[in-house]
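Report on one structure; see the data block that follows.
Excluded from the calculations below are hydrogen atoms, water molecules and symmetry mates; all remaining heavy atoms, backbone and side chain alike, are included. In what follows, chains are A, B, ... by sequence order, proteins preceding strands, each numbered from 1.
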Protein chains: 2
Amino acid sequence: MALIVQKYGGSSVADAESIKRVAKRIVDTRRAGHDVVVAVSAMGDTTDELLDLANEVAPIPAPRELDMLLSSGERISMALLAMAIHSMGFEARSFTGSQAGMITDSQHGAARIVDVTPVRLREALDEGAIVIVAGFQGFNRDTRDITTLGRGGSDTTAVALAAALDADVCEIYSDVDGIFTADPRVIPKAQKLDHVSSEEMLELAANGAKVLYIRAVEYARRHGVLIHARSTFSSSEGTYVLGEGMKNPRESKGAAMEEPIVAGVATDFGQAKITVAGVPDVPGKAAEIFKIVAKSGANVDMIVQNVSATGRTDISFTVPKADAPAALKALAGEQTEVGFASLVHDDQIGKLSVVGAGMRTHSGVSATLFEALSDAGINIEMISTSEIRISVVLRDSDLADAARTVHTAYGLDGEAEATVHAGTGR
Amino acid sequence: MALIVQKYGGSSVADAESIKRVAKRIVDTRRAGHDVVVAVSAMGDTTDELLDLANEVAPIPAPRELDMLLSSGERISMALLAMAIHSMGFEARSFTGSQAGMITDSQHGAARIVDVTPVRLREALDEGAIVIVAGFQGFNRDTRDITTLGRGGSDTTAVALAAALDADVCEIYSDVDGIFTADPRVIPKAQKLDHVSSEEMLELAANGAKVLYIRAVEYARRHGVLIHARSTFSSSEGTYVLGEGMKNPRESKGAAMEEPIVAGVATDFGQAKITVAGVPDVPGKAAEIFKIVAKSGANVDMIVQNVSATGRTDISFTVPKADAPAALKALAGEQTEVGFASLVHDDQIGKLSVVGAGMRTHSGVSATLFEALSDAGINIEMISTSEIRISVVLRDSDLADAARTVHTAYGLDGEAEATVHAGTGR
């Protein structure tokens with residue numbers, strides 16, 4: 001008998017029918033002899049609808065009250081889910097973030113978990129109940145106020161519960177079958193990965209893969225939680241995310257365990273490029289520029305500085321599209337101070353990243369990438385690398401073609417086309 | 001400076017616009033120099049929508065989970081209301097039932113308040129904040145579970161807070177202007193009462209008047225809370241409900257204080273009559289019958305037993321229409337045991353009640369009623385009386401005419417017609 005934590009996102013519990021389907025899935029796990037703890041998101045678009053209401057009554061909603069408001073979404077889904085399980089003849093109890101002992105700091109809207117004290121959950125498990133916990137929410141011990149964890153909060157809730165309860169596995173259910181070698185909407189021949197290391201997963205998530213949230217993967221890695229990303233709509237296994245020294249549960253089942261060099265190809269259409277042209281080529285100018293950008297709140301990803309021959313240089317960097325206007329405004333305001341010639345804004349770019357822990361020990365991985373793109377006649381505008389990742393910035397119109405070419409070049413193409421469902425979670 | 005508790009029902013906070021209107025009203029009270037504590041219901045039809053969802057996922061929803069589900073409704077409205085007030089430049093904080101210290105027994109769906117410990121509310125008031133509390137909900141200290149108070153729960157929340165905080169007045173806002181001498185939808189010439197005693201209010205509420213819930217009025221009487229029933233849609237004063245020895249706040253303003261003999265006429269279309277015919281006229285048969293009815297869960301209101309001349313007698317009683325099928329089924333199952341001849345079910349009845357504390361000291365009050373009905377050619381089927389009330393059962397088709405006739409006979413008709421708004425609260 002194992003202790004299994006399961007997380008279901010908003011699209012998995014969008015209406016009464018979906019809730020009953022999820023309830024059945026949970027009951028099946030219980031019937032197989034396991035203890036089950038479930039973290040659940042708000043139903044479908046509930047959170048967005050509540051946000052709309054908030055904006056209707058207040059232009060800038062008070063953060064404490066906004067958290068109080070948003071936390072009601074999970075109470076609805078978790079109570080309905082517990083009822084549905086109950087009516088199938090199994091004992092189920094739902095718990096809010098505070099009842100579950102999800103203790104956070106006091107930063108409303110983006111609270112960090114500081115402790116998990118799941119006393120009531122343990123009691124309920126000991127009494128044989130299935131435990132349902134509201135995802136995305138916690139409470140602060142000092143202010144005694146309700147908080148929310150921000151984007152990806154329910155994934156983090158699930159992983160934190162798995163860590164605190166020493167669960168055997170944390171199953172993150174969504175509308176896709178697992179982690180793929182690429183986004184199946186971009187590359188139909190993308191294959192589901194049997195497993196991926198948590199460091200690879202972090203690079204994939206940071207560079208455009210949307211199945212798991214970085215924060216949850218980080219938490220899992222730090223606390224040694226085994227994540228199993230799988231689909232609500234299928235009973236087949238998904239992808240295991242393995243932390244350091246963690247054993248793949250499938251190995252005992254005799255699965256082939258040869259490690260590929262490249263785990264996957266990530267695509268990201270969400271970045272914009274800003275070029276600061278004609279910067280005086282004197283020490284400290286780059287620092288000056290990125291201090292201004294940081295103060296604007298923009299999150300810089302890649303940076304490229306051209307070689308200077310004329311005493312002036314161009315500095316280009318990428319930021320999320322939504323951050324670009326603030327960064328541009330901040331820079332324009334300091335043009336005289338910094339002494340640059342002009343600003344160029346380009347949001348027609350796309351980022352392609354190749355991620356693989358095998359890059360550490362295999363040479364020639366980057367050569368394959370550059371060769372494939374060159375053969376396809378695709379121009380590279382920026383390059384950046386980490387220990388296990390190579391990213392290039394291209395024209396956004398080239399990105400899909402580039403991804404397909406590169407996917408093939410690394411031998412990642414599968415035979416069947418992946419099934420894609422629509423939907424979002426939080 | 002006074003401490004004022006205000007209660008707003010679901011129709012008063014049905015959408016963003018209504019919430020902003022209520023927020024303005026609260027801010028106006030604060031601006032007038034008062035401390036304000038608000039109990040608020042769920043928005044519009046939220047509770048019914050949540051109930052529908054519950055019934056979709058589970059035929060008989062688990063009571064603990066149903067309370068968890070329903071309690072989310074007030075969290076939404078209270079957070080939105082606090083935000084709206086906040087954005088008008090006033091500090092406002094919302095509190096759930098448990099945060100507000102609303103401690104109840106563990107009877108889910110119909111929990112009784114056992115203690116109120118509003119520590120956090122006092123702190124917030126001391127810090128100058130407007131306090132918003134979720135109506136209808138509490139929590140049980142032993143199970144640490146969330147409970148709901150059942151029908152009229154938000155009125156009870158408001159009165160209980162007023163008692164615990166020693167408030168100067170508890171204002172119950174709804175879509176009608178106050179307590180009327182009759183239902184203005186039945187009798188357009190009904191007049192708004194300046195005040196009514198709590199015992200009269202209890203009789204009126206028990207006999208069909210729907211502005212205040214019996215439970216809240218009882219709680220107010222027991223704890224010496226002054227209730228002011230008034231309209232969300234008008235700034236004019238409503239009706240004060242005065243407990244024993246309580247002074248009418250308007251007396252100091254020079255209002256005329258002559259007490260009328262009859263406070264009002266209540267009409268009730270919600271009862272059905274059951275007649276158990278041909279009951280053996282031996283001692284203990286009535287007890288036997290009403291034990292069966294009570295076991296079926298039906299709530300008996302009026303009882304009439306005909307004079308027996310033949311050794312057999314007929315016993316008639318009224319129950320809420322919804323309870324009649326269960327009562328009939330239970331009686332039919334025991335027909336042989338009890339030895340009655342037949343059962344007659346009649347749901348075409350209406351009940352008319354005349355309520356007035358003046359009945360204690362004035363004779364002839366009932367004569368006026370019977371005379372008025374006789375003059376109008378309306379037949380009386382059953383009669384029951386309390387110290388300050390006379391009720392008669394009539395054909396339901398006669399009820400509106402009868403009420404108008406009686407209203408006129410007691411001199412209750414006003415000159416203007418009352419304004420009626422649609423809507424419900426909880």
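The choice from B:S77, B:A62, B:A23 that makes the most heavy-atom pairs within less than 4.5 Å of chain A is B:A62. Residue with the most contacts toward chain A among B:P59, B:A54, B:S98: B:A54 (heavy-atom pairs, distance under 4.5 Å).
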**OP:** With side-chain contact (heavy atoms from CB on, under 4.5 Å) as the test, would you mind laying out the steps for B:Q99 and A:M68 before giving the verdict?
**Re:** CA-CA 12 Å; B:Q99 289 176 338; A:M68 180 69 93; 3.4 Å; yes
Original post:
Which is it for A:D145 and B:R120 under the side-chain contact (heavy atoms from CB on, under 4.5 Å) test, yes or no, and what are the steps along the way?
Top reply: CA-CA 11 Å; A:D145 285 335; B:R120 293 190 67 179; 2.9 Å; yes
**OP:** Just do the side-chain contact (heavy atoms from CB on, under 4.5 Å) check on A:R64 and B:M83 with the steps written out, would you?
**Re:** CA-CA 9 Å; A:R64 176 191 188 273; B:M83 279 174 204; over 6 Å; no
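For B:E17, no part lies near chain A; criterion is any non-hydrogen pair under 4.5 Å. For chain A, the nearby part of B:I19 is the side chain; its heavy atoms alone come within less than 4.5 Å. Neither the backbone nor the side chain of B:I85 comes within less than 4.5 Å of any heavy atom of chain A. Of the atoms belonging to B:A92, it is backbone heavy atoms, and not side-chain ones, that fall under 4.5 Å from chain A. For chain A, the nearby parts of B:R144 are the backbone and the side chain; heavy atoms of each come within less than 4.5 Å. Using a 4.5 Å cut-off between heavy atoms, B:E123 touches chain A through its side chain atoms alone. Only the side chain of A:M43 comes within less than 4.5 Å of a heavy atom of chain B; its backbone N, CA, C and O stay farther away.
Remark: side-chain polar atoms of B:K20 are paired, donor with acceptor, to backbone N or O of A:E56 under 3.5 angstrom.
The heavy-atom pair separating A:S87 from B:V57 by the smallest distance is OG-O, 3.7 Å. The two atoms that bring A:E65 and B:A79 nearest to each other are O-CB, 3.4 Å, heavy atoms only. In terms of heavy atoms, A:R75 sits closest to B:I146 at NH2-CD1, 3.1 Å.
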